[in-house]
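Working notes, beginning with the structure itself.
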Number of protein chains: 2
Amino acid sequence: MQDLLFDFISKYISLTDDEKNAILSLDIFRSVKKGTILLKEGQKSKDSYFVLQGCIRTYYVVDSEEKTTAFYTEMDALTPPCVISKTPSEYYISCVEDTILTVSNSDMEVEVNSKFPKFDAMCKILSEELLAKQRIDFDAFKTSSPEQRYMNLIEKRPDLIQRVPQYQLASYLGIKPESLSRLRARITQKK
Amino acid sequence: MQDLLFDFISKYISLTDDEKNAILSLDIFRSVKKGTILLKEGQKSKDSYFVLQGCIRTYYVVDSEEKTTAFYTEMDALTPPCVISKTPSEYYISCVEDTILTVSNSDMEVEVNSKFPKFDAMCKILSEELLAKQRIDFDAFKTSSPEQRYMNLIEKRPDLIQRVPQYQLASYLGIKPESLSRLRARITQKK
DNA sequence: TTCATTTCTTAACTTAAGTGAAGAACCTGT
DNA sequence: ACAGGTTCTTCACTTAAGTTAAGAAATGAA
């Protein structure tokens with residue numbers, strides 16, 4: 001399991017065995033059951049996540065309705081905004097499936113970063129890449145219709161359609177579950 | 001004008017006079033006329049921008065129609081995704097108003113960062129903050145209707161409504177200009 | 001397996017956005 | 001001030017999403 005993490009890191013920097021051991025000694029690997037809530041609205045947290053296997057989602061509760069805004073699957077990293085802003089969380093994080101992930105808190109990162117400047121450099125590159133990627137996603141969302149967004153999802157993240165409940169996908173696409181259901185019927189009709 | 005930049009930087013790190021002079025010697029300040037196109041679709045670029053005064057926008061051209069996805073105003077930083085991915089740009093950047101900005105390219109940044117590690121640290125914090133902020137914006141967009149998005153814009157960036165043409169605001173809100181016009185009429189009606 | 005709960009679909013109706021077209025209002029440069 | 005272009009609004013019509021409600025299908029736990 002650890003190898004997944006090291007394979008990912010090796011795309012950015014190379015680690016010595018000593019460095020790998022230092023990371024392992026932090027004891028950051030966690031295995032969490034489907035449905036587990038990792039973060040609740042109103043909570044403060046310093047934890048960042050990296051998904052090794054499984055799927056987690058972030059969602060808001062507005063008028064007692066869940067609004068899912070993102071899914072994080074294999075090799076996705078998530079640092080909740082509340083960790084950066086040091087304010088209570090606006091949203092929930094929960095496990096869509098049984099999931100194996102790493103949990104690292106910001107204090108730990110400060111320590112690791114001071115010991116391994118390489119690691120700090122990797123985090124910088126990573127967040128710049130994520131910023132650019134997210135910008136592209138946001139732009140694509142703005143400039144397309146719900147139907148186009150769904151088609152795009154089939155293309156880019158087909159796994160999500162299989163592993164995630166429709167009602168969660170719906171708000172991820174910015175619509176209601178009933179509309180997604182209709183939209184899907186419309187598409188299969190066309191073919 | 002330079003002071004605006006240094007005031008901004010001082011929120012993150014403190015600069016010595018030597019460091020300030022080093023930055024000034026890079027000759028990064030530019031003054032650009034309204035309508036100037038800073039980046040075209042298909043172009044490669046290494047340039048990042050920081051707006052000191054004025055407003056620039058990013059837009060895609062889809063079916064010969066402009067789709068505006070973002071506005072950058074005073075104290076906003078923009079590194080186009082194509083700079084990160086090193087691929088041709090998918091979008092245009094143009095000036096909504098006469099604008100004063102800094103233009104820095106990634107080679108320069110490598111040089112500055114190696115001379116001033118502080119500066120590198122600032123960039124890291126900045127991109128983490130931007131990532132979190134953009135995530136919040138994206139989530140808010142997904143979870144709200146065009147009308148709510150417009151109300152939110154009035155609240156959060158009232159200046160944009162004054163300084164930017166409606167048809168550009170429309171795609172920024174994810175709708176057509178006609179819909180924005182109707183939506184506005186609907187709102188003034190309600191009051 | 002069965003029962004209860006969760007999730008998904010369908011339908012009828014309402015509301016709002018997309019479309020196409022026309023004209024009004026507003027710049028901008030000469 | 002004027003002409004030409006750009007931008008904004010309005011209208012009638014079409015299409016799709018929101019809403020409410022009901023029931024079917026799938027899932028999970030006992």
Side-chain angles (χ1 to χ4, degrees), chain A residues 33-37 55 57 59-68 71 92 94-98 141-154 160-191, chain B residues 33-37 55 57 59-68 71 92 94-98 141-154 160-191:
Chain A
K33 280 260 160 290
K34 176 174 174 176
T36 306
I37 294 186
C55 177
R57 65 188 254 258
Y59 65 95
Y60 296 73
V61 174
V62 184
D63 301 334
S64 69
E65 206 179 328
E66 286 184 11
K67 305 256 190 181
T68 299
F71 297 101
Y92 295 78
S94 89
C95 298
V96 175
E97 303 170 343
D98 290 354
F141 192 94
K142 272 189 183 170
T143 59
S144 57
S145 66
E147 187 169 324
Q148 290 171 319
R149 284 174 213 150
Y150 183 70
M151 298 305 258
N152 189 51
L153 195 65
I154 291 176
L160 281 188
I161 293 165
Q162 304 308 320
R163 65 208 290 197
V164 168
Q166 301 290 323
Y167 77 95
Q168 292 174 13
L169 280 182
S171 42
Y172 180 69
L173 295 170
I175 56 177
K176 301 277 162 180
E178 298 88 336
S179 297
L180 177 54
S181 202
R182 238 180 338 211
L183 186 158
R184 282 156 53 87
R186 210 160 59 216
I187 288 171
T188 30
Q189 200 64 227
K190 282 183 190 169
K191 285 196 267 195
Chain B
K33 280 261 160 288
K34 175 174 174 174
T36 306
I37 293 186
C55 178
R57 63 187 255 258
Y59 64 96
Y60 296 73
V61 174
V62 184
D63 301 334
S64 67
E65 207 179 328
E66 286 183 11
K67 305 257 189 178
T68 299
F71 298 101
Y92 296 78
S94 90
C95 298
V96 175
E97 302 171 345
D98 291 353
F141 191 94
K142 273 189 182 168
T143 59
S144 57
S145 66
E147 185 168 326
Q148 289 171 320
R149 284 173 212 152
Y150 182 72
M151 298 303 259
N152 188 52
L153 195 65
I154 291 177
L160 282 188
I161 292 163
Q162 305 308 320
R163 65 207 291 197
V164 168
Q166 301 289 323
Y167 77 95
Q168 291 175 14
L169 280 181
S171 41
Y172 181 69
L173 296 170
I175 56 177
K176 301 277 162 181
E178 297 88 335
S179 297
L180 177 54
S181 202
R182 241 180 334 211
L183 186 158
R184 281 155 53 85
R186 210 161 58 216
I187 288 171
T188 30
Q189 200 64 228
K190 282 184 189 168
K191 287 196 264 197

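Quick caveat: nothing in here was measured; it's all calculated off a predicted structure. Atoms considered below: every heavy atom in the structure, side chains included; atoms not considered: hydrogens, waters and symmetry mates. So you know, we letter chains A, B, ... as the sequences are listed, proteins then strands, and number each from 1.
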Query raised in the report: Does A:Ser145 offer a backbone N or O that forms a donor-acceptor pair with the side chain of A:Gln148 under 3.5 Å?
Result: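 Confirmed, A:Gln148 side chain pairs with A:Ser145 backbone.
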
Is a side-chain donor or acceptor of B:Asp98 paired with a backbone partner of B:Lys33 at a separation under 3.5 angstrom?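 Looks like no, no N/O pair under 3.5 Å.
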
Approximate separation, where rounding is to 0.5 Å, of [X] [atom1] and [Y] [atom2]:
X: B:Tyr60; Y: A:Lys142; atom1: OH; atom2: NZ; value: 10.0 Å
X: A:Lys34; Y: A:Cys55; atom1: NZ; atom2: SG; value: 10.5 Å
X: A:Arg184; Y: A:Arg186; atom1: CZ; atom2: CZ; value: 12.5 Å
X: B:Met151; Y: B:Leu173; atom1: CE; atom2: CG; value: 12.5 Å

Report task. Check each of B:Ile175, B:Leu180, B:Ile187, B:Asn152 against B:Glu147 using the side-chain contact (heavy atoms from CB on, under 4.5 Å) test, and report the only one that passes. Result ->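 The single option meeting the side-chain contact (heavy atoms from CB on, under 4.5 Å) with B:Glu147 is B:Ile187.
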
Would you mind reading off the distance between [X] atom [atom1] and [N] atom [atom2], rounded to a whole angstrom?
X: A:Lys142; N: C:dG18; atom1: NZ; atom2: P; result: 15 Å
X: B:Glu147; N: C:dA16; atom1: CD; atom2: C1'; result: 9 Å
X: A:Leu183; N: C:dT9; atom1: CG; atom2: P; result: 11 Å
X: B:Arg149; N: C:dA16; atom1: CZ; atom2: P; result: 14 Å
X: A:Leu173; N: D:dG18; atom1: CG; atom2: P; result: 11 Å
X: B:Lys176; N: D:dT14; atom1: NZ; atom2: C1'; result: 15 Å
X: A:Glu65; N: C:dT7; atom1: CD; atom2: P; result: 13 Å
X: A:Arg186; N: C:dA11; atom1: CZ; atom2: P; result: 15 Å

Protein-proximity profile, nucleotides 3-10 of chain D, B/S/- by nucleotide at the 4.0 Å heavy-atom cutoff, equals ----SSBB

Readout for nucleotides 24-30 of chain D: B = base within 4.0 Å of protein heavy atom, S = sugar-phosphate only, - = neither; 5' to 3' it is ----S--

Could you tell me which residues satisfy side-chain contact (heavy atoms from CB on, under 4.5 Å) with A:Tyr59, sequence neighbours excluded, listed by chain and number?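 Residues passing side-chain contact (heavy atoms from CB on, under 4.5 Å) with A:Tyr59: A:Ile37, A:Arg57, A:Val61, A:Glu66, A:Thr68, A:Tyr92, A:Ser94.
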
Would A:Ser179 and A:Arg182 count as a side chain to side chain donor-acceptor pair (under 3.5 Å) here? Give the steps. CA-CA 5 Å; A:Ser179 297; A:Arg182 238 180 338 211; 3.2 Å; yes

